[in-house]
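Written below as C-alpha cells is the structure these notes are about.
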Amino acid sequence: MERKTEKLEKKQTVSFEELFTDNFMSKYTNNSSIQDFFDKSPFEFKKNDDFEKINKKELDKYVAKQTEFSTWE
C-alpha cells in the first residue's frame, strides 16, 4: 500500500477506486467496494463535489459503523 500511495502522490488527483481497492474494502469494511460503501450510505454521491459537502461528523458515524476505523481521516 505504501508503494501504491507514493505512486499515487505523483498524480494530481486520485480516484476513490484507486485509493480504496476492492481488496482493502473487503478486508476492512462491511462493503465489497468503495462504490458499494457509497451506494449503501445515507449520503448523495452524484457529482464529484458532493463528497466535500457531507457533514464530517455524520460521515465519521457512518465510517465507524461500516468499517474498522473510527473516522474517515
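Heads up: numbering here begins at 1 and tracks the sequence. What you see is a predicted model; the values in this text were computed from it and never measured.
In this structure, CE in Met25 is found 9.0 Å from CD in Gln66, a value given to the nearest 0.5 Å. Here CG of Asp36 is found 10.0 Å from OG of Ser41. Values are rounded to the nearest 0.5 Å.
Partner Phe37 forms a ring-ring contact (aromatic ring centres under 6.0 Å, His included) with one of Tyr62, Phe69, Phe43 and no other, that one being Tyr62.
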(Q) Between Asp50 and Ile54, does the side chain to side chain contact (heavy atoms under 4.5 Å, CB included) criterion hold? Intermediate values first, please. (A) CA-CA 7 Å; Asp50 286 343; Ile54 295 172; 6.0 Å; no
Q.
Could you walk me through whether Glu68 and Thr29 satisfy the side chain to side chain contact (heavy atoms under 4.5 Å, CB included) test, starting with their C-alpha distance in whole Å, then the side-chain angles of each, then the deciding distance to 0.1 Å, before giving a yes or no?
A. CA-CA 6 Å; Glu68 292 185 20; Thr29 77; over 6 Å; no
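With sequence neighbours excluded, the residues that form a side-chain contact (heavy atoms from CB on, under 4.5 Å) with Phe16 are Phe20, Ile34, Phe38, Phe51, Trp72. With sequence neighbours excluded, the residues that form a side-chain contact (heavy atoms from CB on, under 4.5 Å) with Asn55 are Lys57, Glu58.
Between Asp60 and Lys56 there is no salt bridge, since no side-chain nitrogen of the basic residue lies less than 4.0 Å from a carboxylate oxygen of the acidic one.
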